[in-house]
Asker: 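Handing you a structure now.
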Number of protein chains: 2
Amino acid sequence: MQRVGIKDLAKHLGISEGTVSRALNNYPDISKATRQRVTEAADKMGYRANPAARRLATGVAEAVAYVMPTRSSSISEPFVAQLLHGLTDALSRRGWDLLVVQSHAPEEEEEALKRLITSGKVSGIVLSRPQKVDPRIELLLKAGFPFIVHGRSSDSRNYAWYDIDSKAAFSAAVDHLMALGHQRIGFIGAPTYLNFAQQRLDGYKAGLLANGLTYDHDLVQIAELSDDGGERAASELLRMDNPPTALLCVTDLQAVGALAAVRAMGLLPGADISVIGYDGLAMGRHTNPPLTTMAQPQAHSGRQLGDMLLSIIDGGKPQEFQILRKAELLRRKSDGPYQTITTPQNHTLTEENL
Amino acid sequence: MQRVGIKDLAKHLGISEGTVSRALNNYPDISKATRQRVTEAADKMGYRANPAARRLATGVAEAVAYVMPTRSSSISEPFVAQLLHGLTDALSRRGWDLLVVQSHAPEEEEEALKRLITSGKVSGIVLSRPQKVDPRIELLLKAGFPFIVHGRSSDSRNYAWYDIDSKAAFSAAVDHLMALGHQRIGFIGAPTYLNFAQQRLDGYKAGLLANGLTYDHDLVQIAELSDDGGERAASELLRMDNPPTALLCVTDLQAVGALAAVRAMGLLPGADISVIGYDGLAMGRHTNPPLTTMAQPQAHSGRQLGDMLLSIIDGGKPQEFQILRKAELLRRKSDGPYQTITTPQNHTLTEENL
DNA sequence: GTTGATTACGAAAGCGCTTTCGGAATAACC
DNA sequence: GGTTATTCCGAAAGCGCTTTCGTAATCAAC
């Protein structure tokens, strides 16, 4: 477990430290023979450059940071683990490290980011959950610091990102619902400073428009990004005089909450009321009923993000690294053809009124 | 965004770099007055020590690594995000960083760990999902490298860990089930090289014993740690000649699979067959029916792990940092009193036979 | 065989901190 | 008022690498 340094290696080979270093870093002024000798000895003796020394000397960190979304809903982010796996995959191929940092309170957020980029700890940053206009992105842009965003802000022209086309997805979801005969489609959204919430709302509107329906503000509820949020929003919507017969939720988490709300009113999700979520949570298979959702192909998002960020750090133009993936409708059992609801609805109403 | 170094600070104050450094690091040989001047100037000018230089000079990394569990089941680890939040919380109070590394294929695992500890990148390690006898733990112990384990291996005397007493939990679950009248309790487990699987099996056995039942090997199935694994195991168990009337699952993920299996046989989970999981997944509220589970109080596990690891790095004796928490039975709707099953069971059997 | 180009390496100066060591200045002691 | 302690700071040597620069040694060219 004894560390072998470049000095040991040099002494062992009878050459200078500088030569060893240059041989290992593929400098052109090293003869093939010595380069060979050095590399062989290096991995025979198990030499690994001390990263701290290397960093100090070169100024490059050989690490990137992932800014985790804020400690969010009651049900913790199921994606994070998967994303991290992908990221570490991509980075480890170069021997780079992944730092995980938390996003702080919005006020400190920028300060924290500034510290991170001046600290020299990382040479790139992965941001997630961008806001519509995100000060962090502007900061990084201005600083000229390499970064990539998981998602997009509203103006996404001049930086790198990886996103799912959720606008298209929500528009398609509306199509689907209307093809099933639904005419009144509720929307359960999230605060639109989060750009993905805006995108999905846009998709919902676009879908309505494309199908000749007019957007009815009363049919949209902005809720918390949690099951409870979805539940509250759904019961709000269903208590209307002329309630929607289908509910489109910005998130699977909200959708399962909506499912609960529907059931709580004595209605059958999928038959009386259709509910569609977004994310493709694996757990959706097990809800009651199984949740129909727009599934995003996020299997390799982490890997992609990592590779793209590395390319940018290598000098690639950020604008050339923008990937937009499509989400697919994953039909399970929470959607179904429109049908008039009679008894249970009244039943519920009388319950409400007592 | 101009980096201000210790040199700038020293020049600005008209004192030597060494003095600045010692002032900032609370050396006793600095007068109160200069210390004050230095610290004030430091944060007025926004000085932050270059971590790489600091690391090189001191030899301490000011970072710890979290070894993520291997890319596991189809449903990605829901805990990871929460744990990371806690860990970063604990670390950030000192300004330390969190490195996330992946655990590799078992063969390379030890090599990777060796590299990690000799690299000097981190001064401590958080391990997760220990095996019954875990070579990684032995390696770290032998190397005298600070670490803490999320979970325990079978011999857990001389290192630090944070674990839930799942043996007690499973024993209590058996108690509960028997109090409900169940006499034949199936167990859906995981490969017992994973120590938590062993612990829970032990708890199951202990529970049976305490209640005067004998352990019946036919009633236990070892399955994959996924919903599908649980589903397969459950249908296996339910197809027996004399099937169990209750199913105890090593994991909530498996339990929701078991739920599906029960329903697939035309039986009603919670009435015909009781199913109990372990973990307290928030999603369990939304399964069909809502899943009864042994919930672990893992809200602050990350924070705890972080704090403990830091204490150990500071020189604390690892043996003094061992925390065992209790899991609580969280009753939802998937368990219920024993009742004889007649029609549906036969119904299913005939379906099977056709 | 002299000159100029080329190749291959050693020497040495950093990178930005920390930490030891020695000594000037001040304080304490009788 | 001389001596011993004490307080406080500067100088300088690293930490383990990288990278520039200079220069022997080899080669090519005539």
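Given the structure is predicted, the values throughout are model-derived calculations rather than measurements. Numbered from 1 within each chain, the chains take letters A, B, ... in sequence-line order.
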Asker: Would you indicate whether the side-chain heavy atoms of B:Leu127 and B:Ile137 approach each other to under 4.5 Å?
Answerer: yes
Asker: Using a 4.0 Å heavy-atom cut-off, does B:Arg22 contact any base of the nucleic acid, only the sugar-phosphate backbone, or nothing at all?
Answerer: base
Asker: Mind checking if B:Ser21 touches a base, just sugar-phosphate, or nothing, with heavy atoms under 4.0 Å?
Answerer: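 Base contact - B:Ser21 has a heavy atom under 4.0 Å of at least one base atom.
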Asker: What is the first contacted nucleotide of DNA chain C and what is the last, in 5' to 3' order, if contact means an atom lying under 4.0 angstrom from a heavy atom of chain A?
Answerer: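 Counting from the 5' end, contacts occupy C:dA8 to C:dG16.
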Asker: Please give, in whole Å, the distance from D:dC8 P to B:Leu13 CG?
Answerer: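 Value for this atom pair: 17 Å.
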Asker: Does B:Asp29 contact D:dC8 through a side-chain donor or acceptor facing the base, at a distance under 3.5 Å?
Answerer: no
Asker: Determine to 10° how strongly the helix from C:dG1-D:dC30 to C:dC29-D:dG2 is bent, judged from the axes of its five-pair ends.
Answerer: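 Inter-axis angle at the ends, rounded: 40°.
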Asker: Can you establish whether the number of heavy atoms outside B:Arg93 located under 6.0 Å from its atom CZ is more than 12?
Answerer: no
Asker: Do NZ/NE/NH1/NH2 and the carboxylate oxygens of B:Asp155 and B:Lys132 come within less than 4.0 Å?
Answerer: no
Asker: Under 4.0 Å between a side-chain nitrogen and a carboxylate oxygen: does that hold for A:Asp97 and A:Arg55?
Answerer: yes
Asker: Quick one: do B:Arg94 and B:Asp314 make a salt bridge, cutoff under 4.0 Å?
Answerer: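 Salt bridge between B:Arg94 and B:Asp314, a charged N being under 4.0 Å from a carboxylate O: yes.
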Asker: Below 4.5 Å, heavy atoms only, C-beta onward: do A:Ile312 and A:Phe321 meet side chain to side chain?
Answerer: yes
Asker: So, A:Arg22 and A:Asp29, do they make that salt bridge, N to O below 4.0 Å?
Answerer: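 Yes, this pair counts.
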Asker: Are the charged groups of A:Glu62 and A:Arg54 less than 4.0 angstrom apart, N to O?
Answerer: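 Yes, A:Glu62 and A:Arg54 are salt-bridged.
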Asker: With nearest nucleotides of DNA chain D determined for B:Gly18 and A:Thr19 from heavy-atom distances, which residue corresponds to the more 5′ nucleotide?
Answerer: B:Gly18
